[in-house]
Amino acid sequence: MTQPGSPCLSSDPANPVSALEARLLVDTFRGIDLGAVWLDEDARIVLANEHFAGWVGSDAAALAGRPLAELVADFNGTRWAEIAHAADGDGAPPRLTLTAPGAPARVLEVRAQRVAHDGRALVALLLVPIPDRVEAEAIDGLQREVLESIALGRPLRSVLDLLCRRVESLSPGVACSVLLIEKNGTVTPIAGPSLPPAYVDALHGEPIGPRAGSCGTAAWRREPVEVTDIATDPLWADYRALLPLLDMAACWSTPVIASNGEVVATFALYYRRPGAAPPFDRRMVEACVPLCRVALQHEANRSEIERLAYFDPLTGLPNRRLFSDRARQTLQMAVRVQAPGALLLFDIDRFKTTNDSLGHGAGDEVLRETAKRLQAEIGDSATVARLGGDEFAAMLPRCSPVEAMHAAERLREALAAPLRIAGMQIEVSCSIGIALFPQDGSELEGLVKNAEMAMYEVKRGGRGASRFFTSMMNDVVAQRMQMESALRQALAARGLALQYQPKMLLDGSGCAGVEALARWNDPVLGDVPPDRFIALAEECGLIGAIDAWVLETACAQLAAWQRDDVPVPSISVNVSPLRFHSDDVPAHVKRLLQRHGLKPGALMLEVTERVMLGDDERTRVDLRTLNDMGVRLSVDDFGTGYSSLGYLKRLPVSELKLDKSFVSDLEREASDRALADAVIGIGQALGLEVVAEGVETPGQREFLARAGCRIAQGFLWTRALPADELVAWLERERGGWSSRRLTAITGGGGTRGSGRPG
Ligand code: C2E
Ligand code: MG
Ligand code: MG
């Protein structure tokens, strides 16, 4: 019979010490529950002792030459590498699991040692059975540690992370994960410290289902799912694309079912080699799944407590405490980024009467409905809260006084819709106080007090309205709102008009075109300058309609002039940047040109540098489309806005309008002369027409002409005039024009962009 060590240690029978050692070792081994195996470099057995042979259900003599992998299910390349490591004194002792037919599985800790025999390098393995008790202690330790971390209130993520790491350290080579199962049936990975992050990310939001990998299927079936070979198992068919990210071969997942019967998570072990999970891992999972359940339940309790602490149980809105937290953050942010906002404070009018006459149930219903409507109207952009009783608040970040008033009015309207409660129709109105930040206070307490004062002011004045804290703001906003509604009426009732200012050729040869300028004369407000009403229209969303009307009217006018042979070769129309964001300008222009039979080159659109420099891709596409159609583009107020000129290279511009602020002081300021010169130089260098605006004196005209500017407009010739007056003016002026007119208008340098002179 082969005895461990005997061939090796007694190979030199002449050496009595070796023989004695061999004898002793053989006897000693026989009495101790210890396996011993010597392996060659291919992990084939050279020699094994009786214990080992017994554990694998074989005879020791029959084992020589057999690969260890045939006898030990979880022995593979990875284990062999771990054993080699251990033999070199590195790493934790690896473990092997032995299963003989009909016998319980045996977990063995491996002590490895390199030995040489007859010139061969062998690895000696001492296999020490790990008694169940040791395993149980390890699992106990894990449970203790995780429970302690739950009890200490550590965040769920770090509790589960700890759990995974402990499992991985008890079962080397395993990777562990926990996925939360959301109410909508998708998964959210919460722990998976040793899995590749790209794989974990890819799982986010994946739905559970009957064929959704190991975890998704386990959650779906509500039972453990053990996939012993991910590469071939049909449950993983839809996830094969993830395999290159994963680098794992087997995955065993167990659902975590909460006390209410819901599947709330899955707990999974991944293995690098195909195969079933070893018994020790099974015992660990039995212990870990309840731990996951406890951790998740603890988290649910914590968030419920938090909900009770921060939310109003009747309406579900944030309560005063949460509102204060959030409002303070909003205030800090507003100060930091210098973006003002508004605090709105609501109080339901005569709520006490409703409560007293209809009962508290009805009162509660009014509060709930009010909360619902406020929340729906405000959306997620701001915090709405119930501060207590019938008092609600909303914090609106980045909001102008006019927008705050609009919001307040919208909210009052939303609340005004009748309510049906207990078979009765109730009308709810509320009083709103508005405080602006930071101007009415940058500390929350002061701001709330000021909004309250404004609200009480409303109550004193008869309820059912909104007011600002400062009376000046009330006046300013009231004026603005009056103007806005007048402008709406003007737009609807043809109260706007267009005037036309000629663009004159500086060589005296005539009119190069006209600029259409909007005019508004209101019966009450009188003449409102375009700078004011255009800015207002941009703020209140009317600009698209106004600019569309201007374009339409200007095209119709130009067509009429062309029919009547009035010498106006082209028309320039101002277009607000906002219109490019919201409307299909090229399509509108195309329709108008067709309808009025105009050549595209007869239309010039004036846009400010804001438009050119914006990062809106759609605007850039629109500008190019317009240019491709043959419509020309002009940069209005050139030089007043931005210092970047790069867009001149990229965008199809034909004309620069030298702003009148540079022109007005040409005769006095050397710096303005230098700037005007520079702009004209840029135009010449890039082949763009430069049109000077606001020319009022012959001196300005002379300077510009000398500097090489070809076209100008200004009071020196005339202000903008109504269409019929312009015709009369042209009629009068025409006699003085030189014969170079036609070439001057249609030829020359200003058409690089479109390539089609008007
Ligand atoms: P803008 O496009 O730069 O128009 C030139 C402004 O200079 C016009 O002012 C014109 O009346 C004024 N102007 C012309 N010659 C002289 C002069 O010799 N001296 C002085 N001091 N001013 C002169 P207006 O008509 O008040 O328009 C102001 C601005 O309002 C325009 O500046 C334009 O930005 C905007 N605007 C006017 N009409 C429209 C429109 O239909 N749509 C859009 N989006 N904006 C318009
Ligand atoms: Mg203009
Ligand atoms: Mg201008």
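Both counts, for ligands and for their atoms, begin at 1 and track the order of listing. Numbering starts at 1 and runs along the sequence shown.
Distances below 4.0 Å separate heavy atoms of Asp547 from the following atoms of ligand 1: 40 (C), 42 (N), 43 (C), 44 (N). Per-residue contacts place Glu696 under 4.0 angstrom from the following atoms of ligand 1 (heavy atoms of the residue considered): 17 (C), 18 (O), 19 (N), 20 (C), 21 (N). Less than 4.0 angstrom separates some heavy atom of Ser576 from each of these atoms of ligand 1: 44 (N). For ligand 1, the atoms sitting less than 4.0 Å from at least one non-hydrogen atom of Gln501 are 14 (C), 15 (N), numbered in the order shown with element in parentheses.
Atoms of the protein (N, O or S only) found under 2.8 Å from the Mg ion (ligand 3) are Asp636 OD1, Asp637 OD1, Glu693 OE1, Glu693 OE2.
The residue from Glu693, Arg519, Lys660, Glu515 that puts a heavy atom closest to atom 11 (O) of ligand 1 is Arg519. One option in Val573, Leu517, Val550, Leu496 has a heavy atom closer to atom 10 (C) of ligand 1 than any other, and that option is Leu517. With Asp531, Leu551, Asp636 as candidates, the residue nearest to atom 2 (O) of ligand 1 on a non-hydrogen basis is Asp636.
At a threshold of 4.0 Å, the pair Arg579-Glu538 does not count as salt-bridged, since none of the basic side-chain nitrogens sits closer than that to a carboxylate oxygen. A salt bridge between Arg410 and Glu413 is absent, with no side-chain N of the basic residue lying under 4.0 Å from a carboxylate O of the acidic one.
Metal site remark for the Mg ion (ligand 2): Ser572 contributes no N, O or S atom at a distance under 2.8 Å.
Looking at ligand 1, you won't find any N or O of Ala516 less than 3.5 Å from one of its N or O atoms. Geometrically, ligand 1 and Ile534 share no nitrogen or oxygen pair separated by less than 3.5 Å. Considering backbone and side-chain N/O atoms, Gln713 never comes within less than 3.5 Å of an N/O atom of ligand 1.
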query = What's the verdict on side-chain contact (heavy atoms from CB on, under 4.5 Å) for Gln499 and Glu725, showing C-alpha distance, side-chain angles and the deciding distance?
reply = CA-CA 9 Å; Gln499 291 190 351; Glu725 288 178 35; over 6 Å; no
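In the displayed structure, Lys459 atom NZ is contacted under 6.0 Å by more than 12 heavy atoms of other residues, nucleotides or ligands. For Arg398, the CZ atom counts as loosely surrounded, since its 6.0 Å shell holds 12 or fewer non-hydrogen atoms of other residues, nucleotides or ligands.
Screening Cys430, Ser429, Ser431 for a side-chain contact (heavy atoms from CB on, under 4.5 Å) with Arg412, the sole residue that qualifies is Cys430. Exactly one of Lys657, Lys660, Arg719, Glu693 qualifies for a side chain to side chain donor-acceptor pair (under 3.5 Å) with Gln713. That residue is Lys657.
If you look at Asp637 next to ligand 1, the close heavy atoms, those under 4.0 Å, all belong to the side chain.
Between Pro502 and Leu726 the shortest side-chain heavy-atom distance falls below 4.5 Å. Residues Leu623 and Leu633 meet the side-chain proximity criterion, which asks for heavy atoms closer than 4.5 Å.
Applying the ring-ring contact (aromatic ring centres under 6.0 Å, His included) test to residues at least two apart or on different chains, the pairs with a partner in residues 498-554 are Tyr500-Trp561, Trp520-Phe533.
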